[in-house]
Amino acid sequence: MNLLDSRTVMGDLGWIAYPKNGWEEIGEVDENYAPIHTYQVCKVMEQNQNNWLLTSWISNEGASRIFIELKFTLRDCNSLPGGLGTCKETFNMYYFESDDEDGRNIKENQYIKIDTIAADESFTELDLGDRVMKLNTEVRDVGPLTKKGFYLAFQDVGACIALVSVRVYYKKCPSVIRNLARFPDTITGADSSQLLEVSGVCINHSVTEEAPKMHCSAEGEWLVPIGKCLCKAGYEEKNNTCQVCRPGFFKASPHSPSCSKCPPHSYTLDEASTSCLCEEHYFRKESDPPTMACTTPSPVSTVKKGKITKNSISLSWQEPDRPNGIILEYEIKYFEKDQETSYTIIKSKETTITADGLKPGSTYIFQIRARTAAGYGGFSQRFEFETSPLLAASSDESQIPIIVVSVTVGVILLAVVIGFLLSGSCCDHGCGWASSLRAVAYPSLTWRCGYSKAKQDPEEEKMHFHNGHIKLPGVRTYVDPHTYEDPNQAVHEFAKEIEASCITIERVIGAGEFGEVCSGRLKLQGKREFPVAIKTLKVGYTEKQRRDFLGEASIMGQFDHPNIIHLEGVVTKSKPVMIVSEYMENGSLDTFLKKNDGQFTVIQLVGMLRGIASGMKYLSDMGYVHRDLAARNILINSNLVCKVSDFGLSRVLEDDPEAAYTTRGGKIPIRWTAPEAIAFRKFTSASDVWSYGIVMWEVMSYGERPYWEMTNQDVIKAVEEGYRLPSPMDCPAALYQLMLDCWQKDRNSRPKFDEIVSILDKLIRNPSSLKTLVNASSRASNLLVEHSPVGTGAYRSVGEWLEAIKMGRYTEIFMENGYSSMDAVAQVTLEDLRRLGVTLVGHQKKIMNSLQEMKVQLVNGMVPF
Ligand code: ACK
């Protein structure tokens, strides 16, 4: 970096020469008429020369070592006749440090000598005659400098010199990016052998692997890089920058070298993905690296037959080689050969079952599938087994001696087991409870850790189906625990008793109505330990509180669905009383969405909604009405799987902070509840559908509060008058339409949960259908919209409407298929359009959008809330 270059200074250099007849500036210009600042002196014939030339003040710009390059010519004394006695062939260079220009008038003897400068090449008159100028270049350095600037001085003591140029500069290591760290412009150190250690800063989208450092040499070179930065997850290194991973690609960790394509059966629609999501029905174990393909749970492959009688077949099988998670249970489907429409399903936690009640001498087909936290895997291949024929030498009778032996052995075993159980329960009495954040391990029993069995075998559950419907008896419908005289009986009917010793409490994660909610781990015999959530009943509870608390478990225990929170069991035989359920890493959905505002793709959000709808379909099939469906009562796990939770009896609403008393004395979460449920307590699956519409709105608006800060009374009034929540921002029109459908005043016109699931499935399968967003001009946040039926005055006929949107060609088809009025047209779905032969996607969109626009009309002059 130049601090001064006399050749580039256009005006006066401002240098001072004294005595006046010593150094003199030759006013020459170059071919561009720019001045050439050449100073010369040639007093070779005179004695005692002491001619000084002082530069103006030169700032050192923070450099502590500077370099001075001189270009000059020097006359050879031998070529000067008569001047030999006084002629010199050197001159001296000095400097004087000063913080400002005040140092200019100091005395010569205060200058510090830098060096005596001699010429490498001097010239004679002959050279001059030949116009050969022998230009010398000499460089000297000075340091360490401690002030802001300095002066230079050139002392002539009787030589014949022309000082052609003076360049003063310092050296620096220029800004550079090395190992993804940026190192700044760095001025070299004061000492010519010094290496300056410089810290680098990781470039955008990179993280420190090891603190990046380099060394700047006195020569201005970067040396010895140490440490480095790595492109963070979701970014890869290209040309010294970190480039974002494109959609379809991911980088899981800074240490992965580059973005990789999503592994089979996974996808990502986002840039900068750190992992890919599994396609529907495909899963990945939590412990699997994100580079692994998503798979369906591995099917059971080896099935062996055991005892076969006239009426029963026993089977055993091996756990699949690579299940994608802990196997929670098996589902065994069987039916008589060629009678597939009537089949039986047994659910078992064991790897053996006995199918009984079979026909003698008949062939049965068996298929088995495993369920993990990720859901069900595919069914195994079909296995065929035949029951013994009716007239076969009574194989049952031949078993008698074995049965006798078994009974004897059984009695002995029973005695041993009872002994163990007694000793086990003694141990339990010794278990204390600490609700601190500290990990509390219950003393573990080495001999057994698992469920204690209820009256019937709780590991197995059997259902019969005919033409896809559950057959009576054994219909799986929800049983209201209130119908039990003894609520404890209901708990043990539906929930398994877990020994406290199997549970390790790790930390408190929240407060429930009845006590703390904790996370922890459950270790059951023969199974790997897994994380669980534990709701506790606080000490000093009343009998009613205990009943209400366990009521939730009695309800939850009746459900078995991937989108319903799964009950592991209860602890009722020791204190504290606990409800143990699967652990959902991301907690409740409303809080999770607020925390991650705008972070998900529409497909991810629709995936969440699909899960909730699927769980609700299951509940409504079971005849259970939730009454408090809201995003705060949905839990979400690390795979973004949503599960419906918070089941209770009437008390559910008591503990919901959103629930408010109605004029009739009931406590209801007004904003989520259908008008007929608020007005006359008509709670049905259709009122759950209304709430589901509100959950859709909460999800699509990332946890915004429905109806914002309106009062409950205003909400009731506005909804009653036909106003509805407007579309959330950037919401696909198809989803908003579904919300409006859920909020139909007439509860029979609302879609059923199975319809909602299939609508969402179609949208997920055909993501382009989600591209049409609610028209920004018809969407106004904070304004309620009037929910008016189609056709109110806008068009007089179907033909007029279709003509207006340039779809007149379909008028005839519409009329022929019964869509002859605008009210009938209002019911048209995309499916109907396809059936009518409107196959062009552009035309489908035009018609559906027009319908949508007619349905959603902004209320003129509505007041913002
Ligand atoms: O939003 P959160 O973290 O999720 O805070 C509440 C808190 O406990 C009180 O209900 C959390 N919670 C409840 N059940 C579970 C569960 N099964 N898994 C994880 N967190 C849960 C809930």
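In listed order, ligands and their atoms are each counted from 1. Since the model is a prediction, treat every value here as computed from it, not as a measurement.
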Heavy-atom check, side chain of V644 versus side chain of N563, under 4.5 Å: no
Exercise: do S273 and D270 side chains pair donor with acceptor under 3.5 Å: no
Under 3.5 Å side-chain donor-acceptor pair for S554 and E493: no
Centroid-centroid under 6.0 Å between F549 and Y541 rings: no
Polar proximity ligand 1 side, E585 side, N/O cut 3.5 Å exclusive: no
Selection from S588, G587, G510 by shortest heavy-atom distance to atom 1 (O) of ligand 1: S588
Contacting atoms of ligand 1, where contact means under 4.0 angstrom from a heavy atom of Y583: 18 (N), 19 (C)
Within-shell test, G512 vs ligand 1, heavy atom, strictly < 4.0 Å: no
Taking atom 16 (C) of ligand 1 as the reference point, the nearest protein heavy atom with its distance: A533 CB, 3.3 Å
Pi-cation contact, W697 with R671 (under 6.0 Å, within 45°): no
Side chain to side chain contact (heavy atoms under 4.5 Å, CB included) assessment of R546 paired with N488: CA-CA 10 Å; R546 179 189 147 98; N488 284 321; 3.2 Å; yes
Identity and distance of the protein heavy atom lying nearest atom 8 (O) of ligand 1: V517 CG1, 3.6 Å
Candidates M584, E585, R507 - the one meeting side chain to side chain contact (heavy atoms under 4.5 Å, CB included) with S519: R507
Residue, atom name and distance, where the atom is the protein heavy atom closest to atom 19 (C) of ligand 1: M584 O, 3.0 Å
Whether E582 lies under 4.0 Å from ligand 1, heavy atom: yes
Residue S581 vicinity, atoms of ligand 1 by number, heavy atom under 4.0 Å: 17 (N)
Min N/O separation L635 to ligand 1 under 3.5 Å: no
Distance-only side-chain donor-acceptor flag, W690 / E676, under 3.5 Å: no
For atom 21 (C) of ligand 1, closest protein heavy-atom neighbour: I509 CD1, 3.8 Å
